[in-house]
Number of protein chains: 2
Amino acid sequence: MQKKSAIPDQEPQCSVDFAFQRIGGKYKGRIIFHLDLGITRYGALRRSIVGVTPKMLTQALRELEADGLITRHVFAEVPPRVEYALSEAGAELIPFIRLLRDWGEKQMEKQGKPSLSKLGLLPHILEEAHEETV
Amino acid sequence: MQKKSAIPDQEPQCSVDFAFQRIGGKYKGRIIFHLDLGITRYGALRRSIVGVTPKMLTQALRELEADGLITRHVFAEVPPRVEYALSEAGAELIPFIRLLRDWGEKQMEKQGKPSLSKLGLLPHILEEAHEETV
DNA sequence: CAATAATAGTTTCTTTTGGGTAGCTAGCTT
DNA sequence: AAGCTAGCTACCCAAAAGAAACTATTATTG
């Protein structure tokens, strides 16, 4: 089976289009965001990204990999360990993702939605990121 | 008929998710980008955003409006004139869209795709943006 | 007078794709 | 024998997107 990227056979019509073809979809933004937070293992991502199913997570990760935004490192261990990391191109999206997150937080507050990062939820997530193999 | 936003009945899981729920989809990024370029009329957008159908353009515009990212101004003229503009919240996305565009251009060049903005295509588009009613 | 053109859409129908569910797997550890 | 990790597969549905035809209003042209 060949590696399949998210990209339809359609040529991007401009650079914005090009970018959205790669980071569009329901989970890719959040995946990049979490990788940046230091959450790198498949299982950790699965637990952090609320609502994602194994199928969709794997699919999104494969596409990001095929598009050169992340790398995948398999450790020959048991039980298996796979770590994902942002590639150089992927890392360059970080400022962008941060802007987006800031914008989102601001808008959520304006709409009276409590911003999650103010509720002590992030610390719990970050804990996981820094857990040693227990 | 009630205004319907793009947003499914699903609560956003984080601010990044929140943002993607609003600017996801095939055309919204490009619409915001073009509005920023000064292309504000329905017909001009339709011609600039390659591949968009009237249905999809209208739908995306309506959703952006319902989500408070753009405004819609109807002029009581014949033939009809409707102009769209970024709202305050929408305008705050501009830095982000620019980052995305820059990233896209850089990646496209690395992949050997000629960057459109280097081919004299943008000038043609911008012309349209500054045309007075002839 | 009738046809045409222009703008900003709408409507209906069809296709495509993305996403969801559920259950299965391999290999080693405890 | 059970459990852990990191998946895979087949099937299904809903949402997104695409195609094509149609609309209202008025000025202009023949």
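Below, all heavy atoms of this structure are taken into account, side chains as well, without hydrogens, waters or symmetry copies. Numbered from 1 within each chain, the chains take letters A, B, ... in sequence-line order. Keep in mind it's a predicted model, so treat the numbers as computed, not measured.
Here the C1' atom of nucleotide dC8(D) and the CZ atom of Arg46(A) are 12 Å apart, to the nearest Å. Distance, Arg41(B) CZ to dG9(C) P: 10 Å, rounded to whole Å. Distance, Ile49(B) CD1 to dA17(D) C1': 15 Å, rounded to whole Å. In this structure, the OH atom of Tyr42(B) is 17 Å from the P atom of dT23(D), given to the nearest Å. As a whole-Å value, the separation of Leu57(A) CG from dG18(C) C1' is 15 Å. Rounded to a whole Å, the CD atom of Glu63(B) is 16 Å from the C1' atom of dG9(C). A straight line from CD of Glu77(B) to C1' of dG9(C) spans 16 Å, rounded to a whole angstrom. Put simply, CD1 on Ile31(A) is 14 Å from C1' on dG18(C), counting in whole angstrom units.
Gln107(B) places a side-chain heavy atom less than 4.5 Å from the side chain of Glu92(A). For the pair Phe20(B) and Tyr27(A), the minimum side-chain heavy-atom distance is 4.5 Å or more.
Pairs engaging residues 36-60 of chain A under the ring pair (Phe, Tyr, Trp, His ring centres under 6.0 Å) rule: none recorded [sequence neighbours left out].
Under the 3.5 Å distance criterion, the side-chain polar atoms of Ser87(A) are matched with a main-chain donor or acceptor of Gly68(A).
In this structure, Arg72(B) reaches the dG9(C) phosphate: one of its side-chain N or O atoms is under 4.0 Å from OP1 or OP2. Within the structure, every side-chain polar atom (N or O) of Arg81(B) is placed at least 4.0 Å from both OP1 and OP2 of dA8(C). Within the 4.0 Å cut-off from OP1 or OP2 of dG9(C), at least one side-chain nitrogen or oxygen of Arg62(B) is found.
Every residue two or more places apart in sequence or in another chain was checked for a salt bridge (charged side-chain N to carboxylate O under 4.0 Å, His left out) with Lys55(B), and none qualifies. For the salt bridge (charged side-chain N to carboxylate O under 4.0 Å, His left out) test, residues two or more places apart in sequence or in another chain that qualify with Arg98(A) are Asp36(A).
Using a 4.0 Å heavy-atom cutoff across all strands shown, Tyr84(B) reaches sugar-phosphate atoms only and no base atom.
A 6.0 Å sphere centred on CD of Glu88(B) holds no more than 12 heavy atoms belonging to other residues, nucleotides or ligands.
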*Could you encode protein contacts along nucleotides 19-30 of chain C as a string, one character per nucleotide from 5' to 3', using B for base contact, S for sugar-phosphate-only contact and - for no contact, with a heavy-atom cut-off of under 4.0 Å?*
BBB------S--

Validation: residues 69-76 of chain A side-chain donor-acceptor distances under 3.5 Å, sequence neighbours left out:
unit_1   : atom_1 : unit_2   : atom_2 : d
Thr71(A) : OG1    : Ala85(A) : O      : 3.4
Arg72(A) : NE     : Tyr84(A) : OH     : 3.2

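End-to-end axis angle for the helix from dC1(C)-dG30(D) to dT30(C)-dA1(D), using five pairs per end and rounding to 10°, comes out at 20°.
Scanning all heavy atoms of the two residues, the minimum distance from Leu86(B) to Ala91(B) falls at CB-N, 4.0 Å.
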